[in-house]
There are 2 protein chains.
Amino acid sequence: MGGKKSHIANQIKRIRVARTDLTQAELARRVGATRQTIIAIEAEKYSPSLELAFRLSHVLGEPLEELFQFSGEWG
Amino acid sequence: MGGKKSHIANQIKRIRVARTDLTQAELARRVGATRQTIIAIEAEKYSPSLELAFRLSHVLGEPLEELFQFSGEWG
DNA sequence: GCGTAATGTCAAATATATGTTACATCACCT
DNA sequence: AGGTGATGTAACATATATTTGACATTACGC
């Protein structure tokens, strides 16, 4: 995107282990992604596509805005 | 992503014209993207990154879950 | 100690989103 | 009729996300 620095944090790992008993592999399977993708996203190497974000939110039972937090310059 | 069909609809164009007086170019500028990207997203040729989705939500003053609707197979 | 499940790392290939540039149309105004 | 702003389309280049496959580590049960 255009040169605006920003970062999106997420609570996926925390919620996955705290509120579910899902393994990374199981979560990956349920959202239709691979384990590597889950690992990368939990480690915040990059942020998921909007579609994957919706799926994670659904499977983990946590609203989008609570699962993910935008931090950086807005405008 | 893994082979699960889904689509993400959005209310960007509707809200942009109804609730703001922003032109596509102005909206693009404020979210730090290009006009082409806005056009493609409004036409739902593809869905934005999570980061761009957050920015659009912020600039348009509409919560993520109302700006975008997931439709397709969940699991 | 050995096997296994869960987690993590790395590299390369493919898919998708975004940028860049150029051109077309339509409406409005003078 | 000509000019301007807003919108749309298209092709190509770049950046980012996702997959695939191989391998390392840590923890736990047998």
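Each chain gets a letter, A, B and so on, in the order the sequences are listed, and its residues count up from 1. Excluded from the calculations below are hydrogen atoms, water molecules and symmetry mates; all remaining heavy atoms, backbone and side chain alike, are included.
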- Rounded to the nearest angstrom, tell me the gap between atom CZ in A:F68 and atom P in D:dA17. 12 Å

- Report the distance from atom CD1 of A:I8 to atom P of D:dT16, rounded to the nearest whole Å. 13 Å

- Query: How is B:R16 classified with respect to the nucleic acid when contacts are heavy atoms under 4.0 Å: base, sugar-phosphate, or nothing?
  - Reply: sugar-phosphate

- Message: Between B:S49 and B:E42, which residue's closest nucleotide on DNA chain D lies nearer the 5′ terminus?
- Response: B:E42

- Query: What is the distance from CG of B:L52 to C1' of C:dG19, rounded to the nearest Å?
  - Reply: 12 Å

- DNA chain C: A:I39 or B:A40, which has the more 5' nearest nucleotide? A:I39

- Note on the structure: Separation of C:dA15 atom C1' from A:E51 atom CD, nearest Å, is 12 Å

- Message: I need the CD-C1' distance between B:Q36 and C:dT16, as an integer number of Å.
- Response: 17 Å

- Can you check whether A:L60's main-chain N or O pairs, donor with acceptor, with A:R16's side chain at less than 3.5 Å? no

- Message: Can you tell me if B:T37 touches the phosphate of C:dT18, counting only side-chain N or O atoms and a distance under 4.0 Å to OP1 or OP2?
- Response: no

- Item | Heavy-atom donor-acceptor pair, A:R35 side-chain to D:dG21 base, under 3.5 Å | no

- Message: Rounding to an integer number of Å, can you tell me how far B:K45 NZ sits from D:dT7 P?
- Response: 15 Å

- Separation between CG of A:L64 and CZ of B:F54, rounded to the nearest 0.5 Å: 7.0 Å

- Check: A:E62 main-chain N/O paired with A:S57 side-chain donor or acceptor under 3.5 Å: yes

- Note on the structure: dist B:Q69:CD -> B:I8:CD1 (nearest 0.5 Å) comes out at 9.5 Å

- Message: Please report the distance, rounded to the nearest Å, between CD1 in A:I41 and C1' in D:dT16.
- Response: 12 Å

- Message: Over all strands shown, is A:A43 touching base, sugar-phosphate only, or nothing at heavy-atom distances under 4.0 angstrom?
- Response: nothing

- Verify the contact: side-chain N or O of A:K13 to OP1 or OP2 of C:dA6, cut-off strictly under 4.0 Å; return yes or no. no

- Pick one: which of B:Q24, B:Q11, B:R14 meets side-chain hydrogen bond (donor to acceptor under 3.5 Å, both in side chains) with B:E42? B:Q24

- Message: Please classify the nucleic acid contact of B:T23 as base, sugar-phosphate, or nothing, using heavy-atom distances under 4.0 Å.
- Response: sugar-phosphate

- Distance in angstrom units between B:E26 CD and D:dT7 P, rounded: 11 Å

- Item | Nearest-nucleotide pick for A:Q24, side chain only, options being D:dT19, C:dT7, C:dT18 | C:dT7

